Amino acid sequence: MRLPWWLPVGRVPEMKAKDLEGLRHSDPGLQIVDVRTAGEYERGHIPGATSLPIQSFQRDYPNLGLDPDRPVAVICRTAHRSVPAVRLLNSKGYDAFQLAKGMNAWWNAGLPTTNR
């Protein structure tokens, strides 16, 4: 039985918050997609992240213009909503991974956010 694309089950590649912050500075090609709601994104997100809520991700991710030759970090609050987005991107040939434990881990590590 094939499961719906959006089920947040199973394991996907992930990266710890401090490692992602290091990659953000060392790899200018890193693409960051935040799949939380627009309101969550506006209250604070990783600098350079693009917002695309998970509810419309499957339909609208092609509009982001992601480069399949560059890594994609997918972000949500708890690393729950990011699972299906990573799974979908990986199935389309992207090198995608999620932020382990989501924005909660980012905030707990005291890493920078912006609301611009």
Side-chain angles (χ1 to χ4, degrees):
M1 177 172 104
R2 185 179 165 115
L3 297 174
W5 83 272
W6 48 263
L7 284 180
V9 297
R11 295 184 54 94
V12 296
E14 61 183 16
M15 184 175 288
K16 292 180 179 179
K18 289 193 177 189
D19 294 333
L20 179 57
E21 175 66 349
L23 183 61
R24 198 171 72 82
H25 290 287
S26 68
D27 185 349
L30 176 65
Q31 304 167 103
I32 304 172
V33 181
D34 191 317
V35 297
R36 297 176 298 152
T37 66
E40 288 174 301
Y41 177 84
E42 290 169 9
R43 285 190 291 277
H45 56 271
I46 296 172
T50 300
S51 176
L52 181 58
I54 193 64
Q55 294 85 345
S56 57
F57 192 87
Q58 184 179 34
R59 181 188 68 228
D60 294 337
Y61 87 88
N63 299 331
L64 293 176
L66 296 172
D67 183 342
D69 295 325
R70 295 173 24 208
V72 182
V74 182
I75 313 299
C76 71
R77 186 172 55 89
T78 62
H80 185 77
R81 289 172 278 182
S82 53
V83 169
V86 169
R87 196 170 48 229
L88 176 66
L89 289 173
N90 285 340
S91 76
K92 303 295 183 183
Y94 291 88
D95 175 18
F97 58 91
Q98 71 176 352
L99 171 59
K101 300 183 182 176
M103 284 300 293
N104 285 344
W106 190 267
W107 291 318
N108 288 337
L111 297 170
T113 60
T114 185
N115 59 359
R116 290 185 219 145

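Atoms considered below: every heavy atom in the structure, side chains included; atoms not considered: hydrogens, waters and symmetry mates. Because the structure is predicted, anything quoted here is derived from the model rather than measured.
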K.L.:
Report the distance from atom OG1 of Thr50 to atom CG of Leu66, rounding to the nearest 0.5 Å.
P.N.:
7.5 Å
K.L.:
Considering all heavy atoms of both residues, which atom of Arg36 and which atom of Gly44 are nearest to each other, and what is their separation?
P.N.:
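Smallest interatomic distance, heavy atoms only, reads NH2-O, 2.7 Å.
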K.L.:
Tell me whether Val83 is reachable from Met15 by hopping between hydrophobic residues (I, L, V, M, F, W, Y) whose side-chain heavy atoms are closer than 4.5 Å.
P.N.:
no
K.L.:
Is any side-chain heavy atom of Cys76 closer than 4.5 Å to one of Gln98?
P.N.:
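No - every pair of side-chain heavy atoms lies 4.5 Å or more apart.
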K.L.:
When clusters are formed by joining ILVMFWY residues with side-chain heavy atoms under 4.5 Å apart, either directly or through shared neighbours, do Leu20 and Val74 land in the same one?
P.N.:
no
K.L.:
I'd like to know if the side chain of Asn90 reaches the main chain of Ala96, judged simply by a donor and an acceptor atom lying under 3.5 Å from each other, with no hydrogens or angles considered.
P.N.:
yes
K.L.:
Quick one, Arg43 and Met103 - any side-chain contact, counting heavy atoms below 4.5 Å?
P.N.:
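When only atoms from C-beta onward are counted, Met103 and Arg43 do not touch, as no gap falls below 4.5 Å.
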K.L.:
Can you see which heavy atom on Pro53 is nearest to which on Ala38, and at what distance?
P.N.:
CG-N, 4.1 Å
K.L.:
In chain order, what residues pass the salt bridge (charged side-chain N to carboxylate O under 4.0 Å, His left out) check against Glu14, with sequence neighbours excluded?
P.N.:
none
K.L.:
Is any side-chain heavy atom of His80 closer than 4.5 Å to one of Ile54?
P.N.:
no
K.L.:
Do Tyr61 and Lys92 have side chains that get closer than 4.5 Å, going by heavy atoms?
P.N.:
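Contact flag for Tyr61/Lys92 side chains = yes.
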K.L.:
Between Tyr41 (side chain) and Ala49 (backbone), is there a donor-acceptor pair under 3.5 Å?
P.N.:
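Confirmed, Tyr41 side chain pairs with Ala49 backbone.
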K.L.:
Could you report the tightest heavy-atom contact between Ala100 and Ala105, atom names first, then the distance?
P.N.:
O-CB, 3.4 Å
K.L.:
Output yes when a side-chain donor or acceptor of Arg70 lies under 3.5 Å from a complementary backbone atom of Gly29, and no otherwise.
P.N.:
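Checked: pair present.
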K.L.:
Can you get from Val12 to Leu99 by hopping between Ile, Leu, Val, Met, Phe, Trp and Tyr side chains that sit under 4.5 Å apart?
P.N.:
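No, no single cluster joins them.
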K.L.:
Any idea which heavy atoms bring Pro71 and Phe97 closest together, and the distance?
P.N.:
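Where Pro71 meets Phe97 most closely, the heavy atoms are CB-CE2, 4.2 Å.
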K.L.:
Considering all heavy atoms of both residues, which atom of Gln31 and which atom of Gly65 are nearest to each other, and what is their separation?
P.N.:
OE1-O, 4.5 Å
K.L.:
Starting from Val72, can I reach Ile32 by hopping between I/L/V/M/F/W/Y residues whose side chains sit under 4.5 Å apart?
P.N.:
no
K.L.:
I'd like to check His45 versus Ile75 (side-chain heavy atoms, cut-off strictly below 4.5 Å). Are they in contact?
P.N.:
no
K.L.:
State, yes or no, whether a side-chain contact exists between Pro112 and Glu21 at a heavy-atom distance under 4.5 Å.
P.N.:
yes
K.L.:
Going from CH2 on Trp106 to NZ on Lys16, what distance comes out if it is rounded to the nearest 0.5 angstrom?
P.N.:
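If we round to the nearest 0.5 Å, Trp106:CH2 and Lys16:NZ are 15.0 Å apart.
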